Amino acid sequence: MAYIGQAIPRQDHLRLTTGRGRYVSDIVLPGMLHLAIVRSTRAHARIQALDLEAARRQPGVVGVFGPDDIRPVMRPIPSSPADPAVDAFQPTALADGVVRYVGEPVAAVLAENRYLAEDAAELVEVTYDPLPAVVDAEKADELGVLLFPGHGSNVVAKIGFRVGRGKEALQEADLVVETRLRLGRVVAHAMEPRAVVAHYDPETETIQVYAATQSVHRFRECLAEVLDIDPSRLRVIAPDVGGGFGVKNRVYPEDVLAAYLSLLWKRPVKWNGDRREEFLSTNQERDQVHHAAIGLRRDGTIVAVYDSFIQDNGAYCVSGLVVPTTTGVSLPGPYRVPNLEVEGRVVVTNKVPIAPYRGAGRPQGTFVMERLLDFAADALQMDRLEIRRRNLIRPEDLPYRPGVMFRGTPLEIQEGDFPKLMADAVQLADLPGLRHEQAKLRSEGRLIGIGVSNYLELSAGGGFEGARIRLLPDGVLEIATGAASQGQGHSTMLAQIAADRLGLPLEQIRVVEGDTAHIARGIGTFGSRTTVMAGNAVSIASRTFRQKVLQMAAERLEAPLTDLVWENGRIYVQGVPSRPVTLADLAADEATRQRLTVEHYFHSDQAACGMGTHVVVIELDPETLAIQFRKYVIVHDAGVVVNPLSAEGQTIGAAVQGLGTALYEELHVNLDGQPENTSFMDYLLPGAVEMPDFEVHEELFPAVANPEGFKGLAEGGIMPPMSAVLSAIEDALAIPGLRLEEIPVTPAKLYSWLSARGVRS
Amino acid sequence: MKPAPFAYLRAESLEHALAVLKEHGPDAKVLAGGQSLIPLLNFRLARPKIVLDINRLTELATMERQDRALVLGALTRHRTLETSPTIRQELPLLAEAARYIGHTAIRTRGTIGGSLAHADPAAELGMACLALNAELELQSQNGSRRIPLDEFFLGYYVTSLAPEELLTRVIFPPPPPSAGWAVEEFALRHGDFALAAVAVQVVVDPEGRIGEARLALAGVAPSPIRARSVEAALLGREARDLPEIAALVTEDIQPEDDIHASASYRRELARILTRRALLQAYRKASERRM
């Protein structure tokens, strides 16, 4: 029996796609009040006065709150993960005297419904004493304006490391190629905006919080800290969550407000973010400028890579230094880089705070490395594929230690065949055929371009995740985990693992997620860790559970363990199948059920490493410069795949978001710090029509780093599309020396770059 | 994303609607398909005291013939423009232009009267109706007037519709029997507002010379606009002249920079799309004549 590896449709798909999901916005409790947030209209200003009186007099308004009204919870919301280096740069539930980005909560209105709350919110009068906005991270301190005057600079942190002799080794190279690369600011945009409902129960003196979060346990700990109550007084439930992508992985000001006001008012309080608030207040990402250099021998071998970059971090450091750190760690990717040096400066600006969005630095590091290789190949007049062949880590190099630390542990690449994967991708895409077609169409005036990029996805690594298995009275096994799903189909995936390791039919297993009451501890879903961490926890807990059941059966049947046969949860003595002990028999007895409960926490510091290659073919309209996809081939090492449908979905979904970042998405912020495209009319998320038909091929090199051999694969797909597409556009244009060094690339930008070069009038 | 308070009135008859507009004109907004109005309300960018819903006025959802003209009620949905056999047969340019509007859900609700009255600079229907030489019927309690669409658009979201008036019908004269037509649009994504769009209708004489031309653009001026320099230059000219004449379009338009594209890129697009549309329309006209 093997459920692992089977393309089983996820158990919740029909429910979710037919409108029967239950999201936070669907939760309606008796007497529930609604919160609307008054948000800063200024990027940077002192708040001179806050007049709440007119709003307080509005019909249906229960209360209007400024920082002075919620002093007991006006402590900094801790960074997640905690990082003492950035403790001084954390937000409070409401801006306290100074606003630092457009959209920052300034006051809160509690009313009988959201309409009335918003009507009243309009009447809150905020008097701003404007300060100059810091919007250009490259000129962080040039204005002489500090976001945190106590710190003395807008550069709030630095990250960096050196492998080998670092940038010094560039001197030994035959050739050094330098580039300045810029990645635009993007917004994650889960389908479901952030939302929270908090409900205080005076009898138990607990607050029950329904939150659209990726991590119920860490949410509970963080919220308890801000509220200054014991975590046991909070129960956090993530019902169905409609996408997270990293930005629903922490406590936001609205969560604190809802919880605290429910405590004050002893009534349920709901805040349901709308799309505009997603743009104005949910963490954003990318927004980096890199000055990078690669040194090579004449044969294309990498001697050294040096990258100095700036992270425009927005107004606060709500997620420690995860994004800049992961950027640096991801830089060498699947290549042998003997000397590497990375220096990142983290700059606070008057924009929405940065926090991990799918990839969390992995796409950035990949973008830099892959662009460096393309430009280096051009400088060496070498094929862009060939330079990759010459530098990929080879099977004989394994285990390979790139010399970088990932989540506090030295990274070790233990398995895989990177040259084979790239060769397979190129072959599946039929590169010779593509080149032939390209030449033929070029003679007809049509521009076809081919781009290839590689990546190394680092998943999981660090911390733990748990599984708690108990037998329900009806003989069904319930498996609880702290790593909740935001639509990934975890429950099906985990059930497949459990079914195999228990030797039970899939139907007999029920996975429950997203409730601190179900399992004591948990870390959550992010960093492509759930299959690896929760998956192995479920696997181990399942084996333990099975062992316990067998022991109990042995007692009841008065037979040695070795004589027992396990058949779909029926246990009998070899040769006597007519007298089994069944799970249903055991479930009938409360005490037995109690004894059978198993809780296991799987700890691992070892990241799983999966390499992959993307091949993209585009057609460029030589006049309008419109970019259309013709082909997109993905080959990746997925380790042991639990559910190929989910794996392919993850990979395609990530690639779509990568292509959005490459060609469509950018949040524009003007010189005053005002965001300029805060609706889907002007912020261009690509739709299905814009996207290619992806061909995805998995190759299976089981991870040595964990018992089941799983690899996370939620972020690999988003890593190489940017560089692959830019490479393809350059290939189509075939203009010597043309380098595309920023994303997104749009037809209008291409036009202006080409005009500046005199290629276009 | 909740609208400011407003009173909702449902028009029970055209007379009722006109009476409401007479009384509340400047304070009222007419709700037809709602595809522009509802977002504006939710963003609190529009704050009418009264929202007057005309969706029950079946007399405005008609398709009739007056003499040889096809007359569409203001409530005709984009989806009807796109799919109606009559419109596809008689006004294929209009059907084609409608395909470019948003997505199916939007086209199912959106109306021709709503689109014209909203006067978005990038609206495909304004452009198509200009190319088709449409006229509008505007009604108020004082009576009814007919004006050419050329006189309707005054600037960014501004029209000559008076506060007490309701746009009730759009009148399309029959295109010349051998007219060729084309619609070309460039948008960043499927269904987006056009960075530039062109609609053209031409008649070609037996010698291959253009006898009549109407060309309109969207997205490159404060409102959908006719390219009169191009139209004038086309008269008497042939296929080989079209690329050169297309370049004249830049004299007829006033594109602006925004976050999506520079004015110069939009000018370039207008030139490219005009040439493509002219060549296509010319070819169709030549084929129809044969």
Side-chain angles (χ1 to χ4, degrees), chain A residues 34 36 58-59 111 113-119 121-122 193 272-279 621-627 660 663-670 675-691 744 746-756 760-761, chain B residues 1-6 35-36 38-45 47 99-100 102-106 120 122 184-198 219 243 246-247 250 255-277 279:
Chain A
H34 296 259
Q58 281 292 294
N113 68 49
R114 180 71 180 251
Y115 288 87
L116 296 173
E118 290 198 15
D119 291 346
E122 282 196 322
N272 209 149
D274 60 34
R275 189 55 63 183
R276 188 172 156 74
E277 292 181 297
E278 275 299 284
F279 277 104
D621 184 317
E623 291 193 305
T624 65
L625 304 171
I627 299 151
L663 295 174
Y664 292 95
E665 298 177 46
E666 179 169 19
L667 188 80
H668 294 261
V669 179
N670 75 12
E676 292 186 304
N677 50 337
T678 54
S679 85
F680 280 150
M681 194 169 84
D682 286 319
Y683 183 91
L684 308 180
L685 277 184
V689 177
E690 281 71 48
M691 289 294 107
T746 65
K749 279 196 203 168
L750 273 179
Y751 177 76
S752 66
W753 295 334
L754 296 180
S755 301
R760 288 291 291 255
S761 57
Chain B
M1 293 288 243
K2 304 284 186 236
F6 60 82
Q35 298 304 294
S36 300
I38 299 294
L40 288 170
L41 289 172
N42 283 344
F43 278 116
R44 299 194 174 213
L45 294 170
R47 294 165 169 268
R99 285 183 52 229
Y100 285 99
H103 306 276
T104 310
I106 291 170
D120 190 291
E184 288 280 341
E185 172 165 320
F186 187 92
L188 290 169
R189 293 173 306 181
H190 170 73
D192 274 346
F193 281 109
L195 289 190
V198 180
T250 53
E256 291 188 1
D257 292 337
D258 67 16
I259 58 167
H260 298 303
S262 65
S264 60
Y265 179 62
R266 282 193 160 90
R267 263 194 293 277
E268 177 73 354
L269 284 178
R271 187 185 63 77
I272 296 162
L273 299 179
T274 299
R275 195 198 68 234
R276 289 179 180 178
L279 287 169

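Throughout, protein chains are lettered first and strands after them, A, B, ... in sequence-line order, and every chain is numbered starting at 1. Computation of the quantities below employed the complete heavy-atom set of this structure, encompassing side-chain atoms and omitting hydrogens, waters and symmetry-equivalent molecules. These figures come from a predicted structure and were not determined experimentally.
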Practice item. Would you give the length of the straight line joining atom CG of B/D258 to atom NE2 of A/H668, rounded to the nearest 0.5 angstrom? Key: 9.0 Å
**Study point:** Interchain contact, A/E277 with chain B, by part (heavy-atom threshold 4.5 Å)
**Key:** neither
Point to revise | Check: A/E623 and B/R275 side chains under 4.5 Å, non-hydrogen atoms | key: yes
Check your understanding: What's the spacing between B/S36 OG and A/M681 CE if we round to 0.5 Å?
Key -> 9.0 Å
**Study point:** side-chain hydrogen bond (donor to acceptor under 3.5 Å, both in side chains) partners for A/Q58, two or more places apart
**Key:** none
Review point. Any donor and acceptor pair, going by atom type alone, linking the side chain of B/R189 with main-chain N or O of A/L685 inside 3.5 Å?
Key: yes
**Study point:** Side-chain (B/Y265) to main-chain (A/T624) donor-acceptor, under 3.5 angstrom
**Key:** yes
Check your understanding: Quick one: OH on A/Y751 to OG on B/S264, what's the gap to the nearest 0.5 Å?
Key -> 5.0 Å
Study note, to complete from the structure: Output for pair (A/R276 CZ, B/N42 CG), nearest 0.5 Å, gives 12.0 Å
Check your understanding: Side chain, backbone, both or neither: which part of A/I627 has a heavy atom under 4.5 Å from chain B?
Key -> neither
Review point. If you round to the nearest 0.5 Å, how far is CG of B/D192 from OH of A/Y664?
Key: 9.0 Å
Study note, to complete from the structure: Heaviest contributor of heavy-atom pairs below 4.5 Å to chain B, chosen from A/N670, A/T746, A/V689, is A/V689
Check your understanding: For B/L269, is it the side chain, the backbone, both or neither that has a heavy atom under 4.5 Å from a heavy atom of chain A?
Key -> side chain
Review point. For A/P686, is it the side chain, the backbone, both, or neither that has a heavy atom closer than 4.5 Å to a heavy atom of chain B?
Key: backbone
Check your understanding: Contact part of B/P3 toward chain A, heavy-atom cut-off under 4.5 Å: side chain, backbone, both or neither?
Key -> both
Check your understanding: Does a side-chain heavy-atom distance below 4.5 Å link A/L116 with B/K2?
Key -> no
Point to revise | Residues that A/D682 engages under side-chain contact (heavy atoms from CB on, under 4.5 Å), provided they are two or more places apart | key: A/N677, B/I259, B/H260
Check your understanding: Rounded to the nearest 0.5 Å, how far does CG of A/L625 lie from CD of B/E268?
Key -> 8.0 Å
Review point. Are B/R276 and A/D621 within salt-bridge range, i.e. N to O under 4.0 Å?
Key: yes
Check your understanding: B/R266 versus chain A, heavy atoms under 4.5 Å apart: side chain, backbone, both or neither?
Key -> neither
Exercise for review: Please name the pair of heavy atoms, one in B/L188 and one in A/P747, separated by the smallest distance, quoted to 0.1 Å.
Suggested key: CD2-CD, 4.1 Å
